[in-house]
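Heads up: the structure comes next, in structure tokens.
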Amino acid sequence: MSNDIRERWRELVRGSMCHADAPADTDYWCPELETIPRERIREIQSAKIALAYRYLWECSPFYRAKFERAGLSADSVRGVADLAKVPVTRREEWLEDQERNPPWGTFSPLRQEDWTDRGWMLFTTSGTTAAQPRVFRHTRFDRDLWSWLGARALYAMGVRNGDIAINCFGYGTSVAFWGLHYALNLMGVPVVSGGGANTERRAFFIHNYRPTVLLCTPSYALYLGRAMQDAGYSPQESSIRLIVAAGEPGSCIPSTKQRIEELWHARLHDDFGCTEVAMSPLGYTCGYQVKQTDHPVDVHLMEDAYVPEVLHPDTLVPVAEGESGVLVVSNLFSESQPILRYMMGDWISVTSEPCPCGRTHARAIGGLKGRNDELIKIRGLMFFPAVIEDSVRRLVEVGDEFKVEIRRVDDMDRIKLTVEPSSQIPKGSYAPPQQRIARALKGALGIDVEVELVPYGSLPRTTFKAKRLFDLREAPF
Ligand SMILES: [Zn+2]
């Protein structure tokens with residue numbers, strides 16, 4: 001074994017890559033990792049945590065300082081049981097680090113020579129309004145891990161050699177497109193890139209080149225399907241049999257899932273992660289979960305590659321299994337970002353009960369519920385935007401797009417929903433549904449909601465991630 005901590009880390013991670021090039025059998029890519037007893041998962045996590053901590057201690061000035069401030073020493077973390085000693089990292093800390101130490105910051109253990117010798121790609125966070133985005137460098141070693149982990153997740157969803165994929169995430173500096181792209185490469189699944197094309201071109205690609213797997217956000221799956229209908233193609237009769245959705249919680253919102261699956265006559269799967277800590281799928285759905293209709297879809301967590309923790313948002317103490325809290329994640333495979341305890345901030349509850357698919361890895365019950373900073377607080381009630389989305393999309397007379405505005409009028413918080421009629425129902429064939437929608441929302445949220453119906457096509461169409469909620473209470477005017 002090498003004395004160099006970087007090489008020791010790479011050796012340990014590389015050694016965990018069973019079936020690096022092809023699946024082991026017809027059900028699981030890595031049965032040794034996906035169906036193992038939970039005690040064994042914990043052992044794997046412990047070995048990786050201990051070395052990741054040491055790697056950060058020696059090679060990341062940001063983490064060395066953070067660990068020392070917490071009173072930790074070089075060998076304070078020897079396994080999962082010690083993880084709670086490590087302080088949580090929040091995104092603001094990385095922002096400050098990159099601003100103080102441009103252009104990369106000091107949180108990554110990667111040196112300039114590693115980047116120029118083995119560098120693969122630069123990624124950035126999406127959706128930021130800051131002039132300077134947060135940037136992340138990854139190596140070819142990382143690329144191989146993303147590919148293998150992504151392939152395992154896609155295989156669990158049912159993607160197989162013989163499929164053809166169309167990838168509609170942007171060919172840019174965001175992690176989603178590239179992680180899926182290289183995973184599909186490893187699986188021997190050809191990729192039609194929809195990344196640089198407009199919707200009309202993508203509809204044409206699907207009609208003519210007959211891909212079987214569609215990769216995009218849930219909002220875009222709806223938009224693309226409707227656009228195909230408008231262009232005279234039938235998404236239902238298209239070659240698409242499986243949709244891998246990422247970037248939004250829609251796959252686990254029952255009525256959105258039902259709409260997308262009916263529109264495409266295809267199974268909808270969920271794939272979630274985040275740029276900072278979970279670049280390959282942290283969460284993925286199995287064939288069993290997406291087919292059952294008893295409860296919202298549970299999402300498996302890739303526990304040999306990550307340690308997901310569910311913490312109370314204020315005390316940061318772990319909650320009991322099955323209870324809700326915020327998601328904090330440690331990465332167990334990256335050469336560039338083996339980050340411990342990053343605050344993803346999504347609300348989640350987890351079960352380790354066995355899944356009928358045979359995988360022993362824990363599941364996020366009903367997927368991610370929403371980010372902590374998206375939680376809507378109104379008149380003493382708290383709910384996530386997904387609750388509104390689920391209620392709206394249960395109503396067949398209502399279109400896919402909607403807008404929610406929250407305002408303070410006369411010291412009272414008021415919520416207004418704007419919807420369109422469904423494009424599938426002929427004009428004038430039903431009574432305006434405002435009252436029915438208002439009743440449904442009052443039942444779901446517990447408060448009165450003003451409903452406005454606008455003509456079909458009035459609301460903005462979502463082509464990537466949706467922005468449908470506007471909380472105008474803190475507006476300066
Ligand atoms: Zn399962």
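Scope of the values below: all heavy atoms of this structure, side chains included, with no hydrogens, waters or symmetry mates. As the structure lists them, so they are numbered: ligands from 1, and atoms in each ligand from 1. Here the structure is a predicted model, which is why all the values come from computation and not from measurement. Position 1 is the first residue of the sequence; numbering continues from there.
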Discussion item. For Lys467, is the NZ atom crowded, meaning more than 12 foreign heavy atoms sit under 6.0 Å from it?
Written reply: yes
Fill in: Check ion pair Glu262-Arg393 (N to O, under 4.0 angstrom)
no
Discussion item. Taking 2.8 Å as the limit, list every protein N, O or S atom around the Zn ion (ligand 1), by chain and residue number.
Written reply: Cys286 SG, His300 NE2, Cys355 SG, Cys357 SG
Which pairs of donor and acceptor atoms, one on a side chain in residues 148-164, lie under 3.5 Å apart (sequence neighbours left out)?
from: Trp148; atom 1: NE1; to: Cys18; atom 2: O; distance (Å): 2.9
from: Trp148; atom 1: NE1; to: His19; atom 2: O; distance (Å): 3.4
from: Arg152; atom 1: NE; to: Glu34; atom 2: OE2; distance (Å): 3.3
from: Arg152; atom 1: NH1; to: Asp304; atom 2: OD2; distance (Å): 3.0
from: Arg152; atom 1: NH2; to: Asp304; atom 2: OD1; distance (Å): 2.8
from: Tyr155; atom 1: OH; to: Asp25; atom 2: O; distance (Å): 2.6
from: Arg160; atom 1: NH1; to: Tyr155; atom 2: O; distance (Å): 2.7
from: Arg160; atom 1: NH2; to: Thr26; atom 2: O; distance (Å): 2.9
from: Asn161; atom 1: ND2; to: Gly188; atom 2: O; distance (Å): 3.2
from: Asp163; atom 1: OD1; to: Thr212; atom 2: OG1; distance (Å): 2.7
from: Asp163; atom 1: OD1; to: Arg241; atom 2: NE; distance (Å): 3.0
from: Asp163; atom 1: OD1; to: Arg241; atom 2: NH2; distance (Å): 3.4
from: Asp163; atom 1: OD2; to: Arg160; atom 2: N; distance (Å): 2.9
from: Asp163; atom 1: OD2; to: Arg241; atom 2: NH2; distance (Å): 2.7

Worksheet item: Taking the side chain from Ser255 and the backbone from Asp390, do they hold a donor-acceptor pair closer than 3.5 Å?
Response: yes
Worksheet item: Does Lys291 NZ have over 12 foreign heavy atoms under 6.0 Å away?
Response: no
Worksheet entry | Partner of Trp120 under ring pair (Phe, Tyr, Trp, His ring centres under 6.0 Å), chosen from Trp146, Trp178, Phe136 | Trp146
